[in-house]
Amino acid sequence: MSKSFFGRLISLCIKLGLVLAVIFVMLCAYYYVVISSSSLSAEQKWRTPAVVYSRPLELTVEQKITFDQLEHELSLLKYRKVSNPGKPGEYGVSKNRDRMVIIRRPFNFSYGYEESRPIHITFSNSRISSISDAATGENIDIVQLDPVLLERLSSSGEEDRMLISIDDVPQKLIDTLVYVEDRDFYNHHGISIKGILRALWVNFKAGKKVQGGSTISQQLVKNYFLNSQKSLDRKVRELFMSIIVDARYEKSQILEMYLNEIYLGHSNRDIYGFGLASYFYFGIPVSELDWHQVALLVGMVKGPSQFDPRRHPEAALKRRNLVLSLMVQAGKLTEKQYREYAAKPLGVVDKEQNFSVIKVPGYISILKDELKSRLGEDYLNGNGLVIFTSLDPQVQLAANTAVKEVVGGLNAKRTKKLESAVVVSNWRTGDILAVVGSSDPQFQGMNRVTKARRQIGSLVKPAAYLTAFNNGWHLGSMVHDAPVTVKMRNGQNWSPKNFSGTFSGWIPLYRGFAKSLNVPMVRVGMNVGVQKVVDTIHRLGIEQNIESVPSTLLGSFGLTPIEVNQMYSTIATEGAYRPLSAVRVVRRGNEVIYDRELQSDKVQVLDPRDAYLTVYGMTKVTSIGTAKSLKKYNAVIAGKTGTSNDGIDSWFSGFDNDELVTVWVGNDDNSRTNLTGATGALPVYDRFLSIRGVRSLVPAIPEGIADAYFSYDGSKSYIMDPETCTDVSGFELLPVREDMISEEEVRYCNSESEDDDVMGNFIRSLF
């Protein structure tokens with residue numbers, strides 16, 4: 001009886017064991033299929049935000065850049081100044097501050113990947129005198145620094161990641177993470193019985209849960225495949241799947257996925273992974289983390305909110321130093337090193353930087369609009385999108401500073417706060433370099449560069465005079481600055497006035513241009529025809545409808561700052577239109593899906609000779625006219641002030657040999673500011689130049705343009721013969737179009753002959 005009972009019991013146990021074994025095998029097979037079908041692939045698991053970069057700083061021999069400007073660029077990139085640079089992201093300077101060694105970071109530029117490189121740069125007279133490889137001494141003609149991370153764009157979702165490869169992760173981070181979170185990681189098979197028992201014992205002694213027994217594999221499974229719900233069923237699945245994950249994948253693959261998956265804080269979106277956390281807290285790539293930074297991030301794994309270094313710095317510091325002490329225990333740090341790192345401050349960057357050293361909401365607004373236009377509404381779908389822009393961080397900071405100081409100073413004396421907008425472009429290439437959309441450059445709301453369409457006032461005059469140059473007028477043509485009345489279409493009379501309320505009589509056109517006189521402009525414009533002026537404005541790049549009425553000649557219509565910048569860019573480039581652009585290259589993975597340099601969007605829309613004469617007139621604005629305060633720079637600058645009716649809007653647009661800047665200052669409600677272009681917008685440009693410096697404008701002289709001496713006689717101007725007029729000290733030298741000079745305008749000083757052939761020969765020889 002007893003033997004039979006035990007026999008049946010043993011048989012039952014064997015059967016149950018077989019059943020359990022079959023169930024175990026089936027569950028393992030099932031979860032193996034689940035895990036294999038899901039794949040531990042970051043690219044397949046997550047849709048990561050698009051990464052937006054500034055332009056890379058390009059360095060060449062003889063480039064005009066000061067030592068301080070280059071060091072400032074390095075500070076934007078979070079390079080670390082050390083006495084003996086040897087690691088990527090470090091640089092050192094000589095005692096005399098005339099030499100610099102930079103260990104450039106490796107970076108996947110728009111044109112391809114470049115390894116880290118030690119660069120030796122010498123300076124002389126605010127220029128780079130030599131560039132060489134600091135290791136080999138080989139001369140370098142041109143080298144680029146890695147660009148500044150500006151923003152991360154996401155179409156939806158609350159999670160944010162920057163995917164990293166295990167090869168990018170410093171060994172100190174791996175060692176610390178494994179020792180703190182799962183010391184048996186390399187020995188167990190997904191679950192650690194020893195770890196579970198150790199946690200149970202520690203928790204029993206403490207009387208509460210103070211330590212978990214989950215392995216890195218279990219934590220990964222819980223967050224990657226399951227959820228944080230606490231139930232026996234979920235825990236069982238976690239154990240099974242952890243075993244399968246450990247059997248299915250290499251330890252390095254598990255670590256890489258864990259490093260990308262772990263939650264480490266919150267900003268506008270949740271921060272996941274050490275790659276993004278490294279930028280979010282320290283502004284540097286994960287490969288450059290030092291021991292104290294590694295200790296802080298690993299310490300935060302236990303409780304990202306509890307140990308948030310910005311919200312709870314004391315708790316974060318205590319936790320960081322505890323992790324550092326554990327690394328002494330692990331034999332990775334000495335006691336001396338521990339004391340050194342434990343004494344360091346937390347060193348986290350300002351959260352407002354939002355992963356970047358500068359916030360550029362105005363620029364990002366323009367960038368998004370352009371990306372939608374060029375790539376479609378769903379451009380953010382898919383992973384691996386990298387956007388290289390033309391934003392120049394130093395130009396942006398100069399624009400930010402100019403607005404904050406100048407407009408801030410004006411607002412300090414006002415009850416109603418002025419607003420402002422600035423756009424800076426490279427007029428040669430059409431690249432948008434900087435955008436300020438508000439009097440607060442970091443304001444996330446309305447971008448006035450693209451949204452504030454305001455009356456441009458006298459900013460229209462260069463376009464109107466350009467039209468005149470194409471229709472027989474030249475800079476020396478005489479214009480009557482006297483009261484004028486124009487009959488409107490509705491039968492009413494319009495009598496424009498100069499801003500000063502006075503008149504100057506007969507004056508050469510260029511003086512009316514420089515002084516921004518309204519009456520001469522109206523006389524010239526009405527003579528040419530308002531519709532022709534409107535047609536010119538459209539050819540300059542303005543698409544909106546503009547009414548062909550006399551007041552258009554004085555800028556009675558509205559434009560946005562970026563439209564003004566576009567218009568002036570076409571003038572600056574000798575009448576060649578190219579749409580302004582913030583995007584240079586867009587890459588998905590290693591595939592280039594957009595390259596602006598391959599776009600044939602440059603079109604000659606105006607006669608280069610007319611554009612040249614217009615630019616010359618604008619240089620007179622800054623030397624003898626409404627912007628003559630810029631003479632202090634002792635450089636050729638082209639510019640134009642603008643003031644709308646009743647002093648509502650203050651404008652300035654100007655350019656040197658590099659950068660075209662358009663500034664607007666006014667009130668959002670269209671109320672009066674009592675500012676002119678010279679007292680509101682121009683000081684912003686002036687301050688910008690004082691920060692950036694000025695490169696004197698050297699415009700190309702088109703074929704068909706020559707210099708001629710002018711004299712004036714009442715209502716007429718004459719081009720003087722330099723051969724018969726030996727003393728030209730009383731004449732003015734101005735550029736003219738050869739084909740726009742008539743023989744009647746040529747005058748001799750000491751010649752008795754007025755034979756047509758002689759005059760014809762003179763004109764041909766003069767030009």
Of all heavy-atom pairs between A708 and V736, which one has the smallest distance, and what is that distance? CB-CG2, 4.1 Å
If the condition is ring-ring contact (aromatic ring centres under 6.0 Å, His included), which residues does H538 pass it with, not counting sequence neighbours? none
Does the N471 side chain pair with the main chain of T467, one donor and one acceptor, at a distance under 3.5 Å? yes
Between K64 and S126, does a side-chain hydrogen bond (donor to acceptor under 3.5 Å, both in side chains) hold up when you go through it step by step? CA-CA 6 Å; K64 186 176 181 181; S126 297; over 6 Å; no
Output yes when a side-chain donor or acceptor of K716 lies under 3.5 Å from a complementary backbone atom of S477, and no otherwise. no
Interatomic distance, M478 atom CE to W473 atom CH2 [nearest 0.5 angstrom]: 10.5 Å
Looking at K632 and D686, does any basic side-chain N land under 4.0 Å from a carboxylate oxygen? yes
At what distance, to the nearest 0.5 angstrom, does CG of N667 lie from OG of S650? 11.0 Å
Assess the side chains of K404 and T401: does a donor N or O sit below 3.5 Å from an acceptor N or O? no
How far apart are the closest heavy atoms of Y568 and L459, and which atoms are they? OH-O, 2.7 Å
Do the side-chain N and O atoms of S425 and N565 include a donor-acceptor pair separated by under 3.5 angstrom? yes
Are N498 and N518 linked by a side-chain donor-acceptor pair shorter than 3.5 Å? no
Holding to salt bridge (Lys or Arg N to Asp or Glu O under 4.0 Å), I want the full list of residues that pass it with R127, two or more places apart in sequence or in another chain. none
Side chains of V605 and L540, heavy atoms from C-beta outward: is any pair under 4.5 Å? no
Should the ring pair H480 and W506 be called parallel, tilted or perpendicular, given that the plane angle runs from 0 to 90° and is split at 30 and 60? parallel
Step through the shown structure and confirm whether more than 12 heavy atoms of other residues, nucleotides or ligands are within 6.0 Å of NZ on K417. yes
If the threshold is 4.0 Å, N to carboxylate O, is there a salt bridge linking E563 and R453? yes
Nearest atoms (heavy-atom pairs only) where S458 meets P462: O-CD, 3.8 Å
Smallest heavy-atom separation, P550 atom then M488 atom, equals CG-SD, 4.0 Å
So does D656 pair up with R695, basic N to acidic O under 4.0 Å? no
Show the numbers, then the answer: is there a side-chain contact (heavy atoms from CB on, under 4.5 Å) between I741 and I719? CA-CA 9 Å; I741 301 300; I719 295 177; 3.1 Å; yes
Quick check: do L391 and R55 have side-chain heavy atoms less than 4.5 Å from each other? no
Is there a salt bridge (Lys or Arg N to Asp or Glu O under 4.0 Å) between R511 and E732? Walk through the geometry before answering. CA-CA 12 Å; R511 292 185 194 170; E732 289 191 313; 3.4 Å; yes
If we ignore angles and hydrogens, is there a donor and acceptor under 3.5 Å between the side chains of T676 and T643? no
Intermediate values then yes/no, side-chain contact (heavy atoms from CB on, under 4.5 Å), W664 and V449: CA-CA 9 Å; W664 169 82; V449 166; over 6 Å; no
Examine distances only and state if a side-chain atom of S54 and a backbone atom of D392 form a donor-acceptor pair shorter than 3.5 Å. no
Counting N and O atoms only, with roles assigned by atom type, does the side chain of E419 sit under 3.5 Å from a partner on the main chain of D440, one being a donor and the other an acceptor? no
Would you call R374 and S581 a side-chain contact if the rule is heavy atoms closer than 4.5 Å? yes
Non-neighbouring partners of D668 that pass salt bridge (Lys or Arg N to Asp or Glu O under 4.0 Å), sequence neighbours left out: R448
Pairs involving residues 611-635, ordered by first then second residue, that meet ring-ring contact (aromatic ring centres under 6.0 Å, His included) (sequence neighbours left out): none
Contacts of K416 meeting salt bridge (Lys or Arg N to Asp or Glu O under 4.0 Å) (sequence neighbours excluded), chain-then-number -> D669
Do the side chain of T570 and the main chain of Q566 share a donor and acceptor less than 3.5 angstrom apart? yes
To the closest 0.5 Å, what do you measure between OG1 (T626) and CG (L682)? 8.0 Å
is_close_aromatic(H474, Y510), centroid dist under 6.0 Å: no
Got V486 and N493 here, is their nearest side-chain heavy-atom distance under 4.5 Å? no
Is a side-chain N or O of K640 found less than 3.5 angstrom from the main chain of F652, in a donor-acceptor match? no
Output, in order, the C-alpha distance, side-chain angles, deciding distance and verdict of side-chain contact (heavy atoms from CB on, under 4.5 Å) for Y685 and I637. CA-CA 11 Å; Y685 180 66; I637 302 170; 3.6 Å; yes
Interatomic distance, CG@L675 vs CG@L418, rounded to 0.5 Å, equals 6.0 Å
How far does OH of Y363 sit from OG of S390, to the nearest 0.5 angstrom? 3.0 Å
Not counting sequence neighbours, which residues clear salt bridge (Lys or Arg N to Asp or Glu O under 4.0 Å) with R672? List them please. none
Under 3.5 Å: donor-acceptor pair, side chain of S623, backbone of T619: yes
So that I can tick it off, tell me whether D431 and R596 are bridged by a salt bridge, with the cut-off set at under 4.0 angstrom between side-chain N and carboxylate O. yes
Measure the shortest side-chain to side-chain distance between T662 and W651 over non-hydrogen atoms and say whether it is less than 4.5 angstrom. yes
Could you tell me whether a side-chain N or O of T552 sits under 3.5 Å from a main-chain N or O of S548, the two making a donor and an acceptor? no
N/O donor-acceptor pair under 3.5 Å between R609 side chain and E574 backbone: no
T66 side chain to D68 side chain, donor-acceptor N/O pair below 3.5 angstrom: no
Quick check: does any side chain N or O of T622 sit under 3.5 Å from a backbone N or O of A627, one acting as donor and the other as acceptor? no
Working to the nearest 0.5 Å, report the span between OH of Y577 and CE of M567. 13.0 Å
Are L697 and V615 side-chain neighbours, meaning at least one heavy-atom pair lies under 4.5 Å? yes
Give the C-alpha distance, both sets of side-chain angles, the deciding distance and a yes or no for side-chain contact (heavy atoms from CB on, under 4.5 Å) between L553 and V533. CA-CA 8 Å; L553 299 170; V533 174; 3.8 Å; yes
Please determine whether the number of non-hydrogen atoms from other residues, nucleotides or ligands lying under 6.0 Å from atom OH of Y718 exceeds 12. yes
Is any side-chain heavy atom of I65 closer than 4.5 Å to a side-chain heavy atom of L57? yes
For V435, the option from V422, N447, I562, V424 that meets side-chain contact (heavy atoms from CB on, under 4.5 Å): N447
Taking NZ, NE, NH1 and NH2 as the nitrogens, is one of them in D658 or R692 under 4.0 Å from a carboxylate oxygen of the other? no
Heavy-atom closest pair, residues P483 and R523: O-NH2, 3.0 Å
Would you indicate whether the side-chain heavy atoms of R454 and S644 approach each other to under 4.5 Å? no
